Number of protein chains: 2
Amino acid sequence: MATATPRTQRSDATRAAILRAARERFAADGYERATIRAIAADARIDPSMVMRYYGSKEGLFAAAAEFDLRLPELTDVPPEQLGEVLARHFLHRWEGDETMAALLRAASTNPGAAEKMRGIFADQLTAAVATFGTDPAGTAQRAGLVAAQILGLALTRYIVRLPPMVEMAPEELVAWVAPTLQRYLTGNPGR
Amino acid sequence: MATATPRTQRSDATRAAILRAARERFAADGYERATIRAIAADARIDPSMVMRYYGSKEGLFAAAAEFDLRLPELTDVPPEQLGEVLARHFLHRWEGDETMAALLRAASTNPGAAEKMRGIFADQLTAAVATFGTDPAGTAQRAGLVAAQILGLALTRYIVRLPPMVEMAPEELVAWVAPTLQRYLTGNPGR
DNA sequence: CTTCGATGTCAACGGTTGTTGGCCTACAGT
DNA sequence: ACTGTAGGCCAACAACCGTTGACATCGAAG
């Protein structure tokens with residue numbers, strides 16, 4: 001009220017407000033049900049501002065779905081603890097930022113979102129798996145299997161909300177899933 | 001052409017045509033992008049017929065998403081082969097019927113579809129796991145974990161289409177996933 | 001103080017969607 | 001042969017969507 005907000009900061013503030021509202025709506029409703037009008041209402045601005053700042057709905061989604069897995073350095077992790085470290089990291093990453101839920105919900109129906117999802121796991125996860133690469137030829141496969149287990153966990157816990165998966169404590173889930181990831185990373189098929 | 005089709009069969013035929021087209025569209029596009037008009041066009045009838053036969057879009061989806069996992073009798077399977085049998089069964093079931101892909105796509109954005117998904121896994125899968133129940137208290141958890149791995153596999157292979165998961169041969173996937181299911185069914189957390 | 005550009009608002013457009021009611025046609029029961 | 005009725009089509013409605021353009025407002029540079 002009293003202190004006038006500098007002008008250059010104002011646009012950045014609303015930009016951020018739009019992005020926050022967009023992530024919430026995309027996460028809760030998916031790409032098609034999340035309307036620009038609803039997002040603008042949440043951010044307390046006019047729908048046309050969304051267009052001005054992000055060009056189109058797809059542009060807004062692309063900005064809102066920018067995501068970094070923030071995978072830790074795996075080189076200084078004891079090889080037999082890789083599964084546990086990864087399982088715990090993903091669970092915490094997911095629980096603290098709804099961007100990933102938004103991306104997952106949207107990826108089921110929106111081709112662009114699916115493409116972005118492929119990019120994230122192909123680039124970030126595959127690269128991380130490659131750093132301790134004891135099996136260069138199978139790296140992509142191993143990363144894919146890890147993604148399948150991780151995304152299945154996220155899907156059942158945050159999207160479909162299967163009761164047993166929702167009710168389990170994070171550490172309980174880590175205990176169950178860690179050995180699976182460990183085998184996908186360093187083991188062989190058929191046990 | 002020559003022989004007139006009996007009237008009672010005609011309606012059943014178009015009912016089935018609608019259902020088939022609906023499953024295809026729901027599987028390919030998800031709930032919101034699959035329009036009644038497109039489904040009707042595929043079935044070569046008028047959109048209003050869809051309403052007459054199924055009441056509403058939600059009613060049509062409910063009918064199209066009716067699904068039986070067709071889980072085999074698990075009582076006469078050697079306990080140490082449960083994971084392998086289940087993994088192979090799910091993969092074949094999924095590859096042969098796109099209903100499940102339609103349900104999975106829709107479950108990400110449509111609450112009714114998610115509810116139906118919960119029902120399928122809570123009823124059919126949990127019941128199957130309970131038949132050889134060596135751990136009555138943990139049955140629901142074990143079924144949930146199996147669902148997480150199975151759905152993660154389906155999501156990455158049929159929906160998001162992660163290249164390594166798409167390219168792997170079915171038996172290759174079975175070899176990797178079977179031990180995971182086996183441990184979720186009969187093992188303990190933390191290996 | 002004036003001027004210019006960026007920020008924000010308002011109203012509207014064109015298109016698509018689920019859904020509805022009226023109309024035509026042709027077959028089954030009498 | 002006649003009639004009622006069910007299958008099928010056409011046109012339209014009301015609502016909602018993404019998107020656009022014109023107009024107001026206000027802070028900063030000259």
Side-chain angles (χ1 to χ4, degrees), chain A residues 1-22 25-26 28-65 102 105-106 109-113, chain B residues 1-22 25-26 28-65 102 105-106 109-113:
Chain A
M1 286 280 178
T3 61
T5 325
R7 201 163 66 186
T8 62
Q9 293 185 15
R10 271 244 301 280
S11 87
D12 290 3
T14 61
R15 276 184 111 91
I18 293 174
L19 221 60
R20 183 152 24 95
R25 284 284 177 178
F26 282 135
D29 301 337
Y31 183 81
E32 3 273 342
R33 295 171 89 103
T35 72
I36 288 197
R37 284 172 157 90
I39 292 170
D42 287 356
R44 301 181 186 280
I45 44 117
D46 192 87
S48 61
M49 299 263 53
V50 178
M51 305 300 298
R52 204 193 289 257
Y53 283 139
Y54 294 98
S56 68
K57 188 179 182 181
E58 282 223 38
L60 172 62
F61 179 80
R105 261 226 169 76
T109 55
N110 186 272
Chain B
M1 294 267 180
T3 61
T5 327
R7 200 157 72 182
T8 62
Q9 292 185 17
R10 272 243 302 279
S11 88
D12 289 4
T14 61
R15 277 183 111 93
I18 293 174
L19 221 62
R20 184 153 23 95
R25 284 284 177 178
F26 282 135
D29 302 336
Y31 183 81
E32 3 274 339
R33 294 172 90 103
T35 72
I36 289 197
R37 282 172 159 88
I39 293 170
D42 287 357
R44 301 181 188 283
I45 44 117
D46 192 86
S48 61
M49 299 265 48
V50 178
M51 306 300 298
R52 198 182 293 212
Y53 284 139
Y54 294 98
S56 69
K57 188 180 182 181
E58 282 223 39
L60 172 62
F61 179 80
R105 263 227 170 76
T109 54
N110 187 272

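Each chain gets a letter, A, B and so on, in the order the sequences are listed, and its residues count up from 1. Fair warning: this is a prediction, and the values are worked out from it, not measured in the lab.
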To the nearest Å, how far apart are [X] [atom1] and [N] [atom2]?
X: Y53(B); N: dT19(C); atom1: OH; atom2: C1'; result: 17 Å
X: M49(B); N: dC24(C); atom1: CE; atom2: C1'; result: 13 Å
X: D12(A); N: dA6(C); atom1: CG; atom2: P; result: 14 Å
X: M51(A); N: dT7(C); atom1: CE; atom2: C1'; result: 17 Å
X: I18(A); N: dT9(C); atom1: CD1; atom2: C1'; result: 14 Å
X: R37(A); N: dT9(C); atom1: CZ; atom2: P; result: 15 Å
X: R33(B); N: dG18(C); atom1: CZ; atom2: C1'; result: 18 Å
X: R52(B); N: dC23(C); atom1: CZ; atom2: P; result: 14 Å

Hey, does D42(A) have a side-chain heavy atom less than 4.5 Å from the side chain of I18(A)? no

Contacts of E58(B) meeting side-chain hydrogen bond (donor to acceptor under 3.5 Å, both in side chains) (sequence neighbours excluded), chain-then-number -> none

Does the cation-pi check pass for R33(B) over F26(B), that is, NZ or CZ under 6.0 Å from the six-membered ring centre and within 45° of its axis? no

For S56(B), report the nucleic acid contact type (base, sugar-phosphate, nothing); a contact means any heavy atom under 4.0 Å. sugar-phosphate

Near R20(A) CZ, under 6.0 Å, is it more than 12 heavy atoms from other residues, nucleotides or ligands? no

Would you mind telling me which of dG18(C), dC10(D), dT9(C) lies closest to the side-chain atoms of D46(B)? dC10(D)

So which one's nearest nucleotide on DNA chain D is more toward 5', T35(A) or S48(A)? T35(A)

